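None of these values were measured; they are calculated from a predicted model. Letters go in sequence order (proteins before strands), and every chain restarts at 1.
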Amino acid sequence: MLSSGTTGPGAQARKSPLAVNRRVIGALFLREMLTRYGRNNIGFLWLFMEPLLFTVVVISVKAARIGVYGSAISSVAFAVTGWPALMLWRNMPNRCSGAVKSNRSLLHHQQVTIPDLFIARIVVEFMAASTSFVFLTAGFCAVGKLQPPEDILKVVIAWILLAWFGAGLALTVAALTDRFVIVGNLWRPMSYVLMPVSGIAFLVENLPPAYQKIILWVPMLNCVELLRDGWFGSLFHAYYDIGYVVVFNLCLSFVGLSLLRQIGLTPSDE
Amino acid sequence: MIRLTNVSKDYLTRAGPRRVIHNVNLTIEPGERVGILGRNGAGKSTLIRLISGAELPTTGKIVRNMSVSWPLAFGGAFHSSLTGADNVRFICRIYGVDFRPRFEFVRDFSELGLYLNEPVGTYSSGMKARLAFAISMTIDFDCYLIDEVMAVGDARFRERCKVELFEKRRDKAKLIVSHSHQSLKGNCDRFLLIEDGRVEEHDDFNEVYFRYKQLIGEGFDTVQQMAAVIENAPVAALREEQKRLKRLLKAAEEAKKESQQEAIRGAD
């Protein structure tokens with residue numbers, strides 16, 4: 001009854017590789033969501049509850065130290081543009097590091113390729129961080145703790161650049177981890193080192209000029225500055241270089257994708 | 001058609017790269033049934049993985065003009081925290097096919113009933129095997145990779161697998177990895193004997209099985225002798241059993257005699 005299907009899946013695969021890619025990534029995305037957030041409890045709500053709770057805790061800690069950033073910038077506006085941004089680029093590498101190992105057996109399906117496994121996880125992470133960012137800011141705006149962004153375009157561009165950076169970093173870290181386990185072990189402490197310099201807790205404007213030049217080599221910081229420029233740019237002077245971030249992201253993506261090609265060539269442990 | 005041209009595969013080990021597949025040239029035509037034999041570690045599964053596309057060759061080229069299944073009854077792709085139904089859904093999504101009719105098939109074939117809504121992690125290995133095989137049968141392929149599938153499940157399940165694979169899908173190409181002559185003989189058009197990553201092609205079953213038995217150190221003196229043993233294997237087993245029963249009977253009779261004599265002596 002079933003064996004009398006008219007077109008085999010192979011036929012479809014030959015028809016349009018892009019459509020197959022989309023379908024596979026969609027399936028992996030749903031599988032990822034189901035395994036991570038499950039069907040029980042509040043299920044998919046965890047997608048934004050988890051980062052949201054985290055941000056609320058941070059904001060309340062910061063609220064105890066009102067005025068540290070001086071001027072008219074509220075601590076809510078400051079925190080809400082800092083922490084979700086951090087989560088956006090930091091969680092992608094964490095999530096991708098185990099992607100091949102735990103999903104290697106899926107590669108027996110001809111449609112599933114190694115990049116699909118990564119893309120699905122990156123998409124999940126991007127959606128999680130974006131959803132939490134949108135809900136968080138909308139929530140604070142609704143209760144009057146936060147002004148809407150002054151230039152939403154800058155906010156979107158900053159968010160996308162940051163996600164791109166996160167994706168490139170995720171591919172690089174994950175591919176290196178697959179080859180050298182030590183990279184995975186080093187990545188966690190590395191991410192804690194990068195955390196303070198990525199601009200969650202300061203504005204470039206408040207640093208001595210000598211340090212400003214150096215610290216702006218950090219691509220995430222440029223994005224966060226752009227994000228804040230879009231949100232409350234009239235209240236401070238933002239420092240960033242979009243061109244630099246784009247070039248950095250291009251190089252990082254190139255490195256990540258080249259490393260990715262090597263993964264399929266190592267012995268399978270399945 | 002599947003064509004392997006000068007395919008080699010290296011694995012990195014501590015002692016440097018080790019070649020596990022040596023320069024294999026192979027063509028599988030639509031509808032062909034190919035049996036694969038070889039010792040443990042000879043490279044059978046690696047070859048299957050290369051053909052399924054789970055791994056890329058180090059050198060050489062693999063062209064697939066047929067759709068190729070994943071290795072059958074292969075449960076590794078299950079996610080243990082997903083339910084059986086979720087796993088079916090996932091496969092249907094990947095292959096872009098309708099879920100409903102396939103799910104009904106899986107439910108009927110696997111006979112898992114309500115367990116389909118429980119996480120696969122709670123299944124027994126037999127239940128996993130039934131689910132895996134049922135899912136494998138929901139997608140139509142031109143070529144099926146069968147890696148020791150008949151080793152799992154009870155006799156009834158094996159029988160039903162046989163019907164699905166060798167009767168309903170008679171016209172599909174098949175690559176069958178097995179150590180048992182029962183599942184290879186008569187089911188294959190030709191054979192590949194793999195030894196240390198090199199592939200030898202054979203057309204005759206007796207010939208390839210003779211070589212295989214030699215390789216695993218259970219060699220026969222001649223092909224004819226081996227063929228006779230295989231053919232007569234069930235008969236020989238019956239004879240052995242008969243002998244054993246006769247011995248038992250004899251022993252029992254002697255014991256009886258002895259106890260009777262004891263009784264007589266006691267009466268005296």
Side-chain angles (χ1 to χ4, degrees), chain A residues 1-16 19-40 100-114 116-117 120 178-180 260-270, chain B residues 9-13 18 20 45-46 48-49 52-58 64-71 74-83 86-87 89-98 101-102 104-106 108-109 117 119 137-143 145 164 168-169 171-172:
Chain A
M1 142 202 81
L2 277 162
S3 46
S4 62
T6 43
T7 48
Q12 291 169 19
R14 283 194 289 276
K15 224 180 274 169
S16 156
V20 174
N21 253 25
R22 252 205 315 276
R23 202 169 65 209
V24 168
I25 290 168
L28 286 169
F29 175 80
L30 288 170
R31 176 185 165 105
E32 200 63 30
M33 297 272 283
L34 266 181
T35 53
R36 192 175 315 166
Y37 303 105
R39 286 234 167 82
N40 310 318
V100 186
K101 211 167 212 131
S102 54
N103 286 322
R104 190 155 236 149
S105 51
L106 290 179
L107 299 175
H108 276 299
H109 302 289
Q110 257 176 60
Q111 280 89 340
V112 182
T113 61
I114 290 175
D116 292 335
L117 304 177
D178 189 73
R179 188 163 253 209
F180 314 102
L260 203 61
R261 282 185 61 83
Q262 311 283 317
I263 291 184
L265 301 175
T266 54
S268 121
D269 41 5
E270 155 269 304
Chain B
K9 176 78 185 172
D10 291 348
Y11 281 146
L12 278 176
T13 64
R18 211 174 75 84
V20 289
S45 293
T46 307
I48 289 283
R49 277 205 294 269
S52 84
E55 284 188 60
L56 299 175
T58 309
R64 293 182 205 87
N65 290 328
M66 301 194 280
S67 59
V68 182
S69 81
W70 62 90
F74 161 76
F78 288 152
H79 199 294
S80 57
S81 69
L82 290 182
T83 67
D86 284 335
N87 278 295
R89 223 173 261 127
F90 174 70
I91 296 292
C92 288
R93 279 192 198 117
I94 281 193
Y95 287 89
V97 295
D98 242 12
R102 317 226 169 210
E104 273 160 30
F105 171 81
V106 170
D108 295 344
F109 189 86
N117 292 322
M137 290 298 110
T138 60
I139 312 286
D140 285 317
F141 294 103
D142 301 328
C143 178
L145 306 178
E164 284 293 328
K168 293 192 185 165
R169 288 166 183 75
D171 52 334
K172 308 289 179 154

From B:Thr13 atom OG1 to B:Arg18 atom CZ, the distance as rounded to the nearest 0.5 Å: 7.0 Å

Could you check if a side-chain atom of [X] sits within less than 4.5 angstrom of a side-chain atom of [Y], using non-hydrogen atoms only?
X       : Y        : answer
B:Tyr95 : A:His109 : yes
A:Arg31 : B:Arg93  : no
B:Phe90 : B:His79  : no

Greatest number of heavy atom pairs closer than 4.5 Å to chain A - which of B:Thr46, B:Leu82, B:Val20: B:Leu82

Residue part contacting chain B, namely of A:Ile25, when any heavy atom lies under 4.5 Å: neither

Portion of B:Ile94 that has a non-hydrogen atom of chain A nearer than 4.5 angstrom: both

For chain B, the option from A:Thr35, A:Leu28, A:Asn103, A:Val112 that forms the most heavy-atom pairs under 4.5 Å: A:Thr35

